[in-house]
Structure formats: structure tokens, C-alpha cells
Amino acid sequence: MWNRTKITELLKIEYPILLGPMGGGFSTPELLAAVSNAGGLGSLGAYTLSPEEIIETDKIVRTKTDKPYNINLWVNDVDERLFDFPAEKVEEIKTLFKPFFDELSIPLPDLDTNIPSKFLGQVETLFELKPAVFSFIFGIPSKEILNEARKLGIKTVGAATTLDEALALEEAQVDAIVATGFEAGGHRPSFLKPANESLTGTFALIQQVKAKTKTPIIAAGGIADAKGIRAALTLGADAVQIGTAFLVTDESNATPMHKAKLFSEESKNTVLSKSLTGRMGRMIGNRISSAINYETEVLPFPLQTRLMGPLRAAAIAQGKTDMYNFWSGQNAVNLKYTSAKELMEVLVKEMD
């Protein structure tokens, strides 16, 4: 009975398969519903959404599924160093990217460092909506927030990239821990040490967390098929979280170009880079990630995202895909399915 685990019991789902909560507009109600309706746990990556947008999206979700689902937020959604970041330093860093803007014949944008956090307002909205699961990355919410979630019957799930982070999450009494290996696509959600010092692989991290904690474990990073699920469960995970394999499905909001890249040979060459947002994330390597190595100072998050926004739009418009970022995990070489429902059915059938 592979599908009877601590996580399926805790979250009241049929199968221990969770959709990675892809933020940045990749999540859709359709993708969430496809996974939840098939017996897994669908997720909505909501860190970029305003409270009003979360409410409107949730309304759509509830028309498509009556199963449990997860809303994911970022505890730390603005780098602390942004609050007193010198204006002259902003201009200095902008010049590093000027050759790319010049190549696309677009001006460097004017940037305002006054970017308030959305997190507390988003949490208040989440408490009004009461999803089955509240997952979070880049830190641990306050005791007050976690206590309120418990009172409302919302299960809390935090992400760890190291054993120390998992221990901190267990001390905070979260309901489950996502053990996130460096193979995972998207941002590295490290919060105790810098991301470049928190690069444990998924299967090593599962075993470390299993040996030292009692909290249910969800494995994430490099898992895209039944073999990966079986390996993770064998090593001690109670569920898996899959992102990239669902990113290529019709239900996801990734662009057709992004999906094509993930199905191409280029997907075998992923890198960890902070060139796009200011925080380390795994993507298919491109000219910008090659030019801006990890030691190069870039703007704090999310100011770096605002710098790169016009560049990304122009790169796509002009067909310069080697200057655009395509998020991807390390294990995209065997992707096959473009239907989230079909992918879930195949995963379950192969596990059975």
C-alpha cells in the first residue's frame, strides 16, 4: 500500500503526490484541480499575487475541485538589504546588464527601491479562504501565524534545504517538511545560510531529515516519474513534490516556448543562477547566467526582477531565447506527458 503514508493521512489525499507550488504566474486553477481531482495535492504558488488576486483565483479553484489543495507563500519576499540599498550601487549594477539592453535596443528601466512586503496581507487573506494546506518557503512564519493556522484547521508545510532548516521547522511544530534538494527547479528556498552554502541533494537530505526528525517528510527535487517516487519513499519520505514534469503540461501557464525548451536537449544543461531575480534558482543555462556568475553582485530581490522584466519581454518579442530564463529542475530529460491528468494516472498506475 504505497499510497498509505503519514502525508496522505495528514492531508486527507489519496496519493502521496504533491504539485510543486510554482509561483511567478506558472500555477493555474486548472493545473491545481487536475492534480487534486486525481487524488494528489494541487498547489497554487501565490507569492506574486495581491490579496485581491488570491481571492479571485481561489474562487476559480473552488469551481474546479472540492478536494484539498495548498496555497504557497514566501515568508521573506523582500531582501533585507534592499531597505538601505544605495542608489549609486543600483546604477552601478545596472551597467553590468546594459550590454544586453543595448543589444535589444531598449533602455535601462528606472527603479524604485521602495518595495513593501506582501506576506502579512497575503496571510490574512489565506486565513479567510482556509485552504486545506498553507505551505511556505524562505523562512518560518511567526508563532502567532502558525497558531492561527492550527486553530483554523489549516495544515502547515515548510521547506528545508538543509538538516538545520528541517530541525528549525520541526521546533516550530509545522505539520510537514519539504526536503528540497539542489536538483529542484526554481528558487532555492534556503533561510538559515546562503543558498550557495545549502546544496544538499534530495536523496541525501531525505535520509538526514528522516534520521533526526519525527515530522512527515515530502521529498522535492529531481523527481519526475514513478522510479523517483519509489526511491524517495524507500529512503524515508512520506510523499513527493513534483514541479518540472507538471510545468510542461497544457494546464500550466508556462509559455509554449518554455515547454518546448524543457522537451528539448537544452534541458540537460541547468545551472544555479541569481541573475534573474537576485536569489539563486535553477534554470536552463543562458548567455546572461553565463556572464553573471554567482560571485557577481546583483540587485536585491525583488528589485533585480524589476530590472530584468523589460529585458525578458524584449528577448521573447525579438526571439532572443538565449537571453531569457527557463526554470527547470535537473531531471527533465525523460519528460513525456502534456496532460496533468494523464501524468497523474501514469504515476499512480506505475506505482501500483
Side-chain angles (χ1 to χ4, degrees), residues 1-23 26-47 49 53-73 122 125-136 149-159 174-178 216-220 223-224 226 229 232-233 237-253 337-352:
M1 300 294 287
W2 69 274
N3 59 314
R4 293 292 174 259
T5 73
K6 292 180 181 178
I7 288 294
T8 58
E9 181 179 347
L10 175 73
L11 305 183
K12 295 179 172 57
I13 56 178
E14 191 173 355
Y15 302 109
I17 301 172
L18 284 62
L19 171 64
M22 299 171 284
F26 294 113
S27 296
T28 67
E30 292 75 17
L31 180 56
L32 179 159
V35 176
S36 286
N37 289 338
L41 185 78
S43 300
L44 174 70
Y47 82 92
L49 303 181
E53 289 170 330
I54 294 174
I55 290 171
E56 290 306 310
T57 303
D58 189 76
K59 286 179 182 177
I60 299 171
V61 167
R62 290 171 190 258
T63 67
K64 297 182 180 298
T65 186
D66 59 359
K67 304 292 186 181
Y69 60 91
N70 162 44
I71 294 180
N72 177 270
L73 299 175
Q122 292 170 327
T125 299
L126 185 143
F127 287 160
E128 293 174 14
L129 299 174
K130 299 183 184 64
V133 181
F134 164 32
S135 73
F136 45 84
R150 291 187 196 101
K151 288 179 185 177
L152 295 171
I154 302 170
K155 302 303 181 185
T156 55
V157 178
V174 302
D175 292 300
I177 297 169
V178 180
I217 301 167
I218 301 161
I223 300 169
I229 297 172
L233 297 181
D238 301 286
V240 300
Q241 180 173 283
I242 299 176
T244 305
F246 283 109
L247 188 61
V248 298
T249 63
D250 296 334
E251 294 90 344
S252 109
N253 202 34
Y337 301 99
T338 58
S339 162
K341 179 182 178 182
E342 183 181 7
L343 174 57
M344 281 294 295
E345 290 173 348
V346 168
L347 293 175
V348 170
K349 180 180 179 181
E350 292 184 353
M351 286 301 296
D352 286 341

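Everything numeric in this text was worked out from a predicted model, so none of it was measured.
- Salt-bridge formation is detected for the pair E56/K59: a Lys NZ or Arg NE/NH1/NH2 atom is positioned less than 4.0 Å from an Asp or Glu carboxylate oxygen.
- Using modelled atom types and a 3.5 Å distance limit, the side chains of N70 and S43 yield a donor-acceptor pair.
- Taking all atoms of both residues into account, the shortest heavy-atom contact from I71 to L129 is CD1-CD1, 4.3 Å.
- Residues M351 and A226 approach most closely at SD-O, 3.4 Å, considering heavy atoms.
- Atom-to-atom distance recorded for L11:CG and K155:NZ is 8.0 Å, nearest 0.5 angstrom.
- A34 and A340 get closest at one heavy-atom pair: CB-CB, 3.8 Å.
- Interatomic distance, R4 CZ to D238 CG, rounded to the nearest 0.5 Å: 14.0 Å.
- Looking at every heavy atom in both residues, S252 comes nearest to L247 through OG-O, 2.6 Å.
- Of the residues N72, L44, L31, the one that meets the side-chain contact (heavy atoms from CB on, under 4.5 Å) test with L19 is L31.
- Within the structure, every pair that satisfies the salt bridge (charged side-chain N to carboxylate O under 4.0 Å, His left out) test and touches residues 62-71, not counting sequence neighbours, is listed here: E30-K64, D58-R62.
- Side-chain atoms of N37 do not come within 3.5 Å of backbone N or O of T65 as any donor-acceptor pair.
- Within a 6.0 Å sphere centred on CD of E9, heavy atoms belonging to other residues, nucleotides or ligands number 12 at most.
- Annotation for I13 and G40: closest pair CG2-O, 3.7 Å, computed over non-hydrogen atoms.
- Residues that satisfy the side chain to side chain donor-acceptor pair (under 3.5 Å) test with T156, not counting sequence neighbours, are D175.
- No donor-acceptor pair under 3.5 Å is formed between the side chain of T28 and the backbone N or O of N253.
- Atom-to-atom distance recorded for L233:CG and I217:CD1 is 11.0 Å, nearest 0.5 angstrom.
- With hydrogens and angles disregarded, no donor-acceptor distance shorter than 3.5 Å links the side chain of T5 to the backbone of A239.
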Would you sort out whether T338 and T249 count as a side chain to side chain contact (heavy atoms under 4.5 Å, CB included), showing the intermediate values? CA-CA 4 Å; T338 58; T249 63; 5.6 Å; no
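- Looking at F136 and V174, their side chains come closer than 4.5 Å, going by heavy atoms from C-beta outward.
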Checking I154 against L126 for the side chain to side chain contact (heavy atoms under 4.5 Å, CB included) test, could you report, in this order, the C-alpha distance in whole Å, the side-chain angles of both residues, the deciding distance, and whether it holds? CA-CA 10 Å; I154 302 170; L126 185 143; 4.1 Å; yes
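- Taken from CG in D352 to CE in M1, the straight-line distance is 9.0 Å, to the nearest 0.5 Å.
- Distance check, rounded to the nearest 0.5 Å: CD1 of I229 to CH2 of W2 gives 6.0 Å.
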Could you walk me through whether I17 and M344 pass the side chain to side chain contact (heavy atoms under 4.5 Å, CB included) test, one step at a time? CA-CA 8 Å; I17 301 172; M344 281 294 295; 3.8 Å; yes
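- When all heavy atoms are compared, the tightest approach of A245 to L343 is O-CD2, 3.6 Å.
- In this structure, CD on E128 lies 8.0 Å from NZ on K130, to the nearest 0.5 angstrom.
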Go through L18 and I7 one step at a time and tell me if the side chain to side chain contact (heavy atoms under 4.5 Å, CB included) criterion holds. CA-CA 10 Å; L18 284 62; I7 288 294; 4.3 Å; yes
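- Checked against ring pair (Phe, Tyr, Trp, His ring centres under 6.0 Å), Y337 has no partners two or more places apart in sequence or in another chain.
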